[in-house]
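Down below is the structure, laid out as structure tokens.
As the structure is a prediction and not an experimental result, all values here were calculated from the model. Naming convention: chains lettered A, B, ... in sequence-line order (proteins, then strands); numbering from 1 in each chain.
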2 protein chains.
Amino acid sequence: MSPANRSLERGIEILRAFRPGSDLLGNGELAERAGLSKATVSRLTQTLVGMGMLQQEPLRKGYRLAPAVLSLAHAMRSGSAVLQVAAPLMRALAESKHINVGLAAADRDEMVYLESIRYSRRVAFRNVVSGQRVPMELTSLGRAYLATIPPTRRKALYAIFKARRGRQWSSLLAEIEQSLRCVRESGCCAASWQPEVVALATPLQSADFSYSLNVSVSTGEKIEAVVEALTTPLLELRGAILKSLSLRAGE
Amino acid sequence: MSPANRSLERGIEILRAFRPGSDLLGNGELAERAGLSKATVSRLTQTLVGMGMLQQEPLRKGYRLAPAVLSLAHAMRSGSAVLQVAAPLMRALAESKHINVGLAAADRDEMVYLESIRYSRRVAFRNVVSGQRVPMELTSLGRAYLATIPPTRRKALYAIFKARRGRQWSSLLAEIEQSLRCVRESGCCAASWQPEVVALATPLQSADFSYSLNVSVSTGEKIEAVVEALTTPLLELRGAILKSLSLRAGE
DNA sequence: CGCAGAAGTTCCATTGTATGGAAATCGAAT
DNA sequence: ATTCGATTTCCATACAATGGAACTTCTGCG
């Protein structure tokens, strides 16, 4: 493998520094985050503005992501066979069972939703979220993914989680390992990392991709009851998606 | 202005080569589009894969945009004050008038939807599209934008359109100039670049941004009837968005 | 009104590294 | 096996990216 292009790496790292909550960043802040000199960051941000990936607030306050990133996302979504096939099936399940259904992929040490269909009584609130990041180590989505990857990569991710979680790591590790066993035995695992929300996830992978599929409900019920009720629909959804994909590929 | 960073420019240009319909691109094709040597492209794509912006299809067939671009889009959307303010107002108008409502920004020589709320009888089809690109020179959105920019920039864009449209350019130019007058006189302009769809757009700008707002309907009616019916709602929507924004900024 | 401070940009010599041609490798189809 | 196409690696060269320092701009405060 050839050495990577440093300028490009740095430029992309600058783009990736923008997140919900850090939507307006100045050169100084970017320089600090990326460990670069102000001069370098200044030139990189100028280039990114020139390419239409960033726009600067008028008063030199800082930079924001520009609309062009939306069209990259659009291109990615419209080119994803999995998403095209899965979305209608996910929507149908969400409607019929009145639950949330999500599809996510790993990005570094987090999971990113390709699609998250939120069921809600109010039709207007049934919004679809994509691009949202959730922690890999805490979520059912992330653990389902961890169950599918080679041990080497899993170890590397564990190191990141450990650095992030500090003293809570050992108990978290036990939880994760338990989830991995669950996935291997029953095909899916449950987690509740946010109050009142229980989620159940299963890996969705083939030679081409490695995603996670989940369902979730806002409920006061115990986890076990949710697992009982949703395991079969989730696994059936997975089966339906894989079947549709193989049919499509065969054409 | 310092010279731009060439490697970064090229890397971003590679990302931007991915579009709906060109979702799987190999190094050769990328090299041709960007006018680069295959060796250079090979290294840049490797870097982009390493940064999680591209993923390669297993059989070396080519590269695709990776899920990370979705989270860039998510960050951009959640950080956009205009979009946060406008979206609910747009949705309300779409529901009450049974029309499509869109918000778009310029990206180079095209318009990119920040949000497009498609009204449809079937609730399940009221999907929201963002990131879709439409031609600037043909759409009401694009012409509303053209009406707001400095003549120098407009001239530069005209040159691009002319190169693209060839012999049709002179009549198209007349149409565009007519639309610009419309925008200046009545605040908005109409266009119908797709059969059966009439759209009406108005600029939505301030010191910070320069967007376009539109409404559209699928209809057999004449353009004039649509203009008559929708001009007032569109301009009122624009007013409501600008008012909410100034209130928010004042806090 | 002007000054002080912070943030950003430009300058410049140095160094590193990105580049493209050519060769080697890989994979696929025959 | 063999060949063809595409991709990656190699390598010397030259270009361009870099970071420290100087300079400019903007902001807030005295």
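In A/Glu57, the CD atom is crowded: over 12 heavy atoms of neighbouring residues, nucleotides or ligands sit closer than 6.0 Å.
Rounding to whole angstrom units, CG of residue A/Leu8 and P of D/dA16 are separated by 16 Å. We find that CG of A/Leu24 is positioned 14 Å from P of C/dA7, with the value rounded to whole Å. With rounding to whole Å, A/Arg10 atom CZ is found 11 Å from C/dG16 atom C1'. The separation between B/Glu57 atom CD and C/dC26 atom C1' is 18 Å, rounded to whole Å. Put simply, CG on A/Leu44 is 9 Å from C1' on D/dA17, counting in whole angstrom units. Across the protein-nucleic acid pair, B/Gln56 atom CD and C/dG27 atom P stand 12 Å apart, rounded to whole Å. One interatomic measurement links the two molecules: CZ of A/Arg33 to C1' of C/dA7, which rounds to 17 Å at whole-angstrom precision. Distance B/Leu30 CG to C/dG20 P: 15 Å, rounded to the nearest Å.
Here A/Tyr63 pairs with nothing under the ring pair (Phe, Tyr, Trp, His ring centres under 6.0 Å) rule; sequence neighbours left out. For B/Val134, the side chain to side chain contact (heavy atoms under 4.5 Å, CB included) partners two or more places apart in sequence, or in a different chain, are B/Met111, B/Tyr113, B/Gln132, B/Thr139, B/Leu141, B/Trp193. Remark: B/Arg181 pairs with no residue by the salt bridge (charged side-chain N to carboxylate O under 4.0 Å, His left out) rule, at least two apart or across chains. For the ring pair (Phe, Tyr, Trp, His ring centres under 6.0 Å) test, residues two or more places apart in sequence or in another chain that qualify with A/Trp169 are A/Tyr158. In this view, A/Glu13 and A/Arg108 satisfy the salt bridge (charged side-chain N to carboxylate O under 4.0 Å, His left out) rule, not counting sequence neighbours.
Contact annotation: B/Gln46 side-chain N/O to D/dT9 OP1/OP2 distance is under 4.0 Å. The phosphate of C/dT17 has neither OP1 nor OP2 within less than 4.0 Å of any side-chain N or O from B/Arg6.
Distance from the side chain of B/Asn5 is smallest for D/dA17 among the nucleotides C/dG20, D/dA17, C/dA18. In this structure, of C/dT10, D/dT8, D/dA17, it is D/dA17 that holds the atom nearest to the side chain of B/Ser7.
Contact check on A/Asp208 versus B/Lys61 returns no salt bridge, with no Lys/Arg side-chain nitrogen under 4.0 Å from an Asp/Glu carboxylate oxygen.
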Pick out the pairs of N or O atoms, protein on one side and nucleotides 3-7 of chain D on the other, that lie under 3.5 Å.
from	atom 1	to	atom 2	distance (Å)
D/dT7	OP1	B/Asn27	N	3.3
D/dT7	OP2	B/Gly28	N	2.9

